[in-house]
Number of protein chains: 2
Amino acid sequence: MLKITRKVEYALIALSQMQLKGNKSLTSVKEISQQNGIPYELLAKTMQLLARAEIVEAVKGPHGGYRLKKDPSIIKMTTFFEIIEGPMGFMDCSFDTDCDQIQSCAIRTPIQRINDSIRNMFNNISLQDITMLS
Amino acid sequence: MLKITRKVEYALIALSQMQLKGNKSLTSVKEISQQNGIPYELLAKTMQLLARAEIVEAVKGPHGGYRLKKDPSIIKMTTFFEIIEGPMGFMDCSFDTDCDQIQSCAIRTPIQRINDSIRNMFNNISLQDITMLS
DNA sequence: TTATATCCGACCTATTTAGTCCTAATTAAA
DNA sequence: TTTAATTAGGACTAAATAGGTCGGATATAA
Ligand code: SF4
Ligand code: SF4
């Protein structure tokens, strides 16, 4: 419960490694997956999500790979999570309205406040805060 | 991702309802499950966890049920979550040491800080903060 | 032309979450 | 003393999510 997924972890590791190399040079999925013991195909798909969202830029062909496209310091963790995993919410009713109890639910309001606090917290953490290890 | 489970929600709803009735009278699982459209057996098992943890007190037999045993204002949400779902952590390495990358992992430290912030947040929210609707 | 990349969907597997079933044990009340 | 209502708890099944794999397409440097 309340865990991040491997895909998110892998993406963070990848970006962290790319930042180390500087954002001029390209880093391939192969390189990242080998150096960190991450399943190639899964990381590849995750990088594709980041490319679609224009977090990184892809260069195809031999000696291709990815490079950072946006400054990680302006990317919120909330955004990052949702690029990879889709809508994020503490409970179902925070992003869809399918719950039967939604009218009479006694805990919805207080728990929604917690949801907001968490979102708020991740809105104030940037990708840079995690990938720039210190 | 980052969602609470139904068991946690059901437990919160149950406790919320019990608090409304006052902590002298007993509330049965049947009553709670019917009034809130919650699966009886699942709620029953969840209440048993709370009883073992002495959050509530059980009374068997006809007209039996549960009543609050501890003051909800002194129970941290962290504790509550872990009673129901077991060890809570943002990633695997925050409560077990089985991850292969644990030595070389570039993101462990910064992400551990986030984990600590979340724990800290839930250490400062009491059960009462959620079950006493306002 | 070939080898090396990303791209992308379909698929499979494992794990976790959610829900069900069945059989005690306890006890108030008929 | 029997019956019905309640909690206790294990075994099981079903559904949803997470994690991982495969195959083929597209682009491009050498
Ligand atoms: S309405 Fe209540 S029970 Fe339904 S998802 Fe929201 S918090 Fe949970
Ligand atoms: S060591 Fe790194 S990869 Fe492993 S669980 Fe911890 S954060 Fe995730």
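What you are looking at is a predicted structure, and each value in this text was computed from that prediction instead of being measured. Quick note on labels: first sequence line is chain A, next is B, and so on, each numbered from 1.
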Asks: Between A:Arg52 and C:dC8, is there a side-chain N or O to OP1/OP2 distance below 4.0 Å?
Replies: yes
Asks: Should B:Tyr40 be listed as having a side-chain N or O under 4.0 Å from OP1 or OP2 of D:dT7?
Replies: yes
Asks: Indicate, with a heavy-atom threshold strictly under 4.0 Å, whether A:Met1 touches base, sugar-phosphate, or nothing.
Replies: sugar-phosphate
Asks: On DNA chain C, check which nucleotide each of A:Lys60 and B:Gly61 is closest to and give me the residue with the more 5' one.
Replies: A:Lys60
Asks: When you check the side-chain N and O atoms of B:Gln128 and B:Gln19, is any donor under 3.5 Å from an acceptor?
Replies: yes
Asks: Once you round it to whole Å, what is the distance between P of D:dA16 and CG of A:Asp92?
Replies: 11 Å
Asks: Please state how far atom CD in A:Glu41 lies from atom C1' in C:dA10, giving the value in whole angstrom units.
Replies: 14 Å
Asks: Name the residue from B:Ile32, B:Leu50, B:Ile75 that meets the side chain to side chain contact (heavy atoms under 4.5 Å, CB included) definition with B:Leu15.
Replies: B:Leu50
Asks: In whole Å, I'd like the distance from the CG atom of B:Leu42 to the P atom of C:dC22.
Replies: 17 Å
Asks: Is it true that the side chains of A:Asn36 and B:Gln101 contain a donor and an acceptor less than 3.5 Å apart?
Replies: no
Asks: For A:Ser94 and A:Gln112, which I'm curious about, is there any donor-acceptor pair between the side chains at under 3.5 Å?
Replies: no
Asks: Of the candidate nucleotides C:dC7, D:dA8, D:dC22, which contains the atom at the shortest distance from the side chain of B:Ala51?
Replies: D:dA8
Asks: Out of C:dA5, D:dT17, C:dT17, which has the shortest distance to the side chain of B:Glu85?
Replies: C:dT17
Asks: Please determine, for the side chain of B:Val29, which listed nucleotide (D:dT17, C:dT4, D:dT7) has the closest atom?
Replies: D:dT7
Asks: Given that B:Val59 and A:Thr5 both sit by DNA chain D, which one's nearest nucleotide is further toward the 5' end?
Replies: B:Val59
Asks: Please report the distance, rounded to the nearest Å, between CD1 in B:Ile84 and P in C:dT16.
Replies: 18 Å
Asks: From CD of A:Gln48 over to P of D:dT26, roughly how many Å is that when rounded to an integer?
Replies: 15 Å
Asks: Check if the side chain of A:Lys45 and the base of D:dT21 share a donor-acceptor pair of N or O atoms closer than 3.5 Å.
Replies: yes
Asks: Any idea which of C:dC7, D:dA30, D:dA8 is nearest the A:His63 side chain?
Replies: D:dA30
Asks: Round to a whole Å and report the spacing from CE of A:Met91 to P of D:dA16.
Replies: 20 Å
Asks: Roughly how many Å is it from CD in A:Glu9 to P in D:dG19, rounded to a whole number?
Replies: 9 Å
Asks: Determine, for A:Arg119 against A:Glu82, whether the closest basic-nitrogen to carboxylate-oxygen distance falls under 4.0 angstrom.
Replies: yes
Asks: Find the distance B:Leu49:CG to D:dG10:P and express it as a whole number of Å.
Replies: 11 Å
Asks: May I ask you to say what A:Tyr66 touches in the nucleic acid, namely base, sugar-phosphate or nothing, with a heavy-atom cut-off under 4.0 Å?
Replies: sugar-phosphate
